[in-house]
Amino acid sequence: GLVSAVDGPPEWREKIFGSAWWYRWSSFAYCLAGGLLVIRPAPMYRHARPCCFLFPFRSMGALIFLNGILSYLADTHTFGRPSAWRAADSYVATFNTILQF
């Protein structure tokens with residue numbers, strides 16, 4: 001299915017909450033990218049002018065920002081425990097991907 005039943009080996013938990021600080025924060029890169037798109041969509045509209053000038057770039061940015069939060073909650077905050085955040089993250093990421101095609 002779309003959502004995996006396991007996060008990974010149990011020994012990863014020690015790494016994620018120990019020395020791999022960058023993993024915990026990597027989900028927020030989506031928040032940065034989505035936030036920039038919400039604040040400043042003009043460059044995207046400029047490049048999309050010939051064919052896709054009506055594309056809702058601000059809405060897509062908001063969804064990408066949301067995906068960053070969901071990714072953190074699914075991949076880090078609830079690592080190793082059952083969570084509805086995992087399904088939400090997968091569905092929003094899939095929708096974002098389809099939207100961009």
Side-chain angles (χ1 to χ4, degrees):
L2 185 60
V3 181
S4 172
V6 295
D7 287 319
E11 59 270 12
W12 285 9
R13 186 171 180 78
E14 290 177 24
K15 294 275 189 203
I16 289 171
F17 293 100
S19 61
W21 61 267
W22 49 267
Y23 177 81
R24 291 190 312 274
W25 294 103
S26 65
S27 298
F28 294 109
Y30 291 106
C31 292
L32 178 63
L36 286 172
L37 191 52
V38 168
I39 293 169
R40 195 163 179 263
M44 296 299 285
Y45 284 114
R46 193 169 36 255
H47 292 291
R49 193 173 301 143
C51 69
C52 308
F53 60 92
L54 293 176
F55 189 83
F57 287 109
R58 274 207 165 116
S59 298
M60 184 178 75
L63 281 172
I64 293 170
F65 185 91
L66 174 65
N67 206 168
I69 294 169
L70 293 174
S71 179
Y72 172 79
L73 291 170
D75 298 342
T76 303
H77 185 69
T78 58
F79 185 87
R81 299 187 312 260
S83 168
W85 297 120
R86 295 175 74 196
D89 176 37
S90 295
Y91 291 124
V92 171
T94 300
F95 180 76
N96 281 338
T97 302
I98 291 169
L99 181 65
Q100 294 176 40
F101 284 105

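Quantities reported herein were computed from a predicted structural model and do not represent experimental measurements.
Of all heavy-atom pairs between I39 and R58, the closest is O-NH2, 3.8 Å. Taking every heavy atom of both residues into account, L63 and L99 meet most closely at CD1-CD2, 4.5 Å.
Interatomic distance, M44 CE to L36 CG, rounded to the nearest 0.5 Å: 11.5 Å. Here the straight-line distance linking atom CZ of R86 with atom CG of L70 works out to 13.5 Å at 0.5 Å rounding. To the nearest 0.5 angstrom, T76 atom OG1 is 13.5 Å from W85 atom CH2. Rounded to the nearest 0.5 angstrom, I64 CD1 and S59 OG are separated by 11.0 Å.
Within the 4.5 Å cutoff, the side chain of F65 has no heavy atoms near those of the V38 side chain. You'll find the side chain of D89 stays beyond 4.5 Å of the side chain of L73, heavy atoms only.
The number of heavy-atom neighbours closer than 6.0 Å to OH of Y72, taken from other residues, nucleotides and ligands shown, is above 12.
By the criterion of side-chain heavy atoms lying less than 4.5 angstrom apart, applied directly or through intervening Ile, Leu, Val, Met, Phe, Trp or Tyr residues, L66 is not grouped with L32; the two fall into different hydrophobic clusters. Residue F57 is not grouped with residue L54 when hydrophobic side chains (ILVMFWY) are merged at heavy-atom distances under 4.5 angstrom, including chains of intermediate members.
Checking side-chain atoms of Y45 against main-chain N and O of F55 turns up a donor-acceptor pair under 3.5 Å.
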